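Written out below as structure tokens is the structure these notes cover.
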Amino acid sequence: MSIKEEIEKRRTFAIISHPDAGKTTLTEKFLLFGGAIQTAGAVKSNKVKNHAASDFMEIERQRGISVATSVMGFEYRGYKINLLDTPGHKDFAEDTYRTLTAVDSVILVVDCVKGVEEQTQRLMEVCRMRNTPVMIFVNKLDRPGKDPFDLLDELETKLNIKVRPLSWPINMGSDFKGVYNLYRQHLDLFSPNKTSIETNVVAIDSLYTPELDEIIGRDADDLRESVDLVEGVYEPFELESYREARVAPVFFGSALNNFGIRELLDTFVEIAPPPGPKITGSRTVRADEEGFSGFVFKIHANLDARHRDRIAFLRVCSGRFQRNKLYHHVRLNKNLRFNNPYSFLGNEKSVTEDALPGDVVGLYDTNNFKIGDTLSEGEIMMFKGIPSFSPEIFREVVNANPMKTKQLEKGISQLTDEGVAQLFTLQPGNRKIIGTVGELQFDVIRFRLEGEYGASCNLYPLPIHKACWLTSDNTQKLREFMQRKSNHIAYDKDERPVYLAESEYMLTSAMRQYPEIQFHFISEHSQETA
Ligand code: G4P
């Protein structure tokens with residue numbers, strides 16, 4: 001197979017959902033259908049049930065030892081699928097946002113009983129920002145859920161995207177009989193089944209065949225009516241609209257019962273986009289270019305105390321990544337060679353000789369990497385679009401053990417490189433402020449600082465409303481604003497100025513008074529120097 005054909009056969013994606021909608025179950029079923037695992041129960045949930053750092057750390061420790069859970073590769077019908085894992089806890093949403101920069105499409109799981117939940121909406125905003133194609137799987141049809149038409153309306157209004165059902169459920173809950181596949185025009189009949197991946201598919205020539213009445217009885221007329229309505233209300237499915245992220249195809253099923261998974265997966269491999277072009281500060285890089293390039297979207301610390309190394313996850317964007325070849329680390333302007341890069345198959349990892357666009361390689365890291373770093377064959381470029389969102393909770397770090405100042409600094413610096421939280425340095429006084437999206441991250445930071453660096457600190461809450469990155473073409477105005485607000489101006493890790501707004505009111509009045517200044521709520525880690 002030529003490289004171009006190999007790239008065409010790759011599907012790199014993530015499954016996202018509000019906690020409990022069924023992401024872990026669906027992930028596991030995909031691996032089961034892909035033959036990468038043999039039994040259900042093999043994929044560990046990454047859900048933190050108790051709001052406790054120790055619970056989170058234990059899960060991370062176990063998962064850290066088998067980091068392969070971060071990327072699950074498998075083959076299906078000749079396609080090479082890379083499924084990227086995303087955290088199950090909302091406090092780690094930022095990690096999910098970053099993972100979304102490394103995928104070419106996503107499958108969004110929605111619980112048919114609960115409909116669109118808060119986390120689903122936020123995740124979808126990130127997909128829309130990046131124009132990521134989305135397929136929606138409405139799960140738990142074995143439970144009495146919302147009316148499918150109401151659900152579709154809710155998806156459209158709350159997720160702000162057009163939807164197009166490609167399957168249609170025949171009842172729900174205890175009356176659930178199966179789905180009619182509008183894309184392939186066949187019936188998939190349901191029987192509760194948690195162990196087998198067999199499906200009971202019946203091909204029918206038309207919805208108006210009497211055979212339909214024989215199979216599903218009195219529900220046949222309802223199905224005909226609903227399908228007529230669907231065809232009347234929703235525009236015909238067009239591949240381009242999906243790939244351009246304008247329409248999200250919708251499937252119905254029950255992950256727990258292995259139902260609707262095969263048709264989801266079959267359609268997914270057929271229509272989901274292969275690795276596409278990626279934008280850098282200077283140009284767009286095509287996947288089929290000869291020269292290798294890639295970027296780090298995730299860093300996983302090995303929490304096993306005996307191995308203090310980290311693994312940086314690099315998404316290959318173009319060319320062929322090869323073991324033992326020298327690559328250019330753009331930010332550090334130095335060349336690095338990787339003796340033991342990992343690839344991921346099922347939930348196993350193994351040393352790989354090479355990797356192609358769409359693939360993810362795990363690189364042993366001794367503090368060379370931070371999130372957003374680019375590797376190339378020498379070209380000075382930085383991939384764009386690795387966002388930092390304005391944190392929601394801010395704490396000042398105050399050293400609690402003067403004997404361990406160096407360890408504390410090192411720990412804070414490394415943990416923030418990993419993306420656990422964001423670090424801002426407030427002048428004057430060189431005060432260190434940590435910003436996160438959730439409380440749990442502070443517990444994790446304290447826990448890891450003590451466990452891994454022997455450092456301890458106190459974290460004092462600060463009344464900061466938001467962090468906004470500042471840019472302006474008018475340097476004089478920018479300087480004036482920064483002087484006026486000097487007690488609230490900090491610098492992020494890349495030395496970019498940030499306004500730590502005291503309140504919503506102060507922020508809006510600053511924005512009104514200084515129209516020449518742009519206040520950004522999202523920053524991109526991009527330090528291209530060329
Ligand atoms: P998440 O990763 O999105 O957080 O969800 P997860 O797959 O862990 O699923 C959340 C709960 O929903 C689990 O039950 C799971 O068994 C259940 N579930 C998933 N798919 C279906 C489905 O199609 N139908 C029904 N009825 N339930 C489904 P749990 O009791 O929280 O966990 P467990 O003890 O079963 O693991």
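Keep in mind the model is a prediction, meaning the values are calculated, not measured. Just follow the structure's listing: the first ligand is 1, and inside any ligand the first atom is 1.
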- Leu83 vs Thr27 side-chain heavy atoms within contact, under 4.5 Å: yes

List ligand 1 atoms under 4.0 Å from [X], heavy atoms only on the residue side.
{"X": "Arg143", "answer": "26 (N)"}
{"X": "Lys23", "answer": "1 (P), 2 (O), 3 (O), 5 (O), 7 (O)"}
{"X": "Ser254", "answer": "22 (C), 23 (O), 24 (N)"}

- Heavy atoms only: which of Asn258, Asp142, Asp20 is nearest to atom 31 (O) of ligand 1? Asp20

For ligand 1, is there an N or O atom under 3.5 Å from any N or O atom of [X]?
{"X": "Ala255", "answer": "yes"}
{"X": "Pro19", "answer": "no"}
{"X": "Asn257", "answer": "no"}
{"X": "Leu26", "answer": "no"}

- Message: Please enumerate all residues that pass salt bridge (Lys or Arg N to Asp or Glu O under 4.0 Å) together with Lys466, with sequence neighbours excluded.
- Response: none

Parallel, tilted or perpendicular, as decided by the 30° and 60° cut-offs, for the rings of [Y] and [X]:
{"X": "Tyr342", "Y": "Tyr364", "result": "perpendicular"}
{"X": "Phe424", "Y": "Phe394", "result": "tilted"}
{"X": "Phe321", "Y": "Phe338", "result": "tilted"}
{"X": "Tyr183", "Y": "Phe237", "result": "perpendicular"}

- Answer side chain, backbone, both or neither: which part of Asn139 comes under 4.0 Å from ligand 1, heavy atoms only. side chain

- Item | Ser17, portion touching ligand 1 at heavy-atom distance under 4.0 Å | side chain

- Query: Can you list the residues that meet the side chain to side chain donor-acceptor pair (under 3.5 Å) rule with Thr267, with sequence neighbours excluded?
  - Reply: Arg184

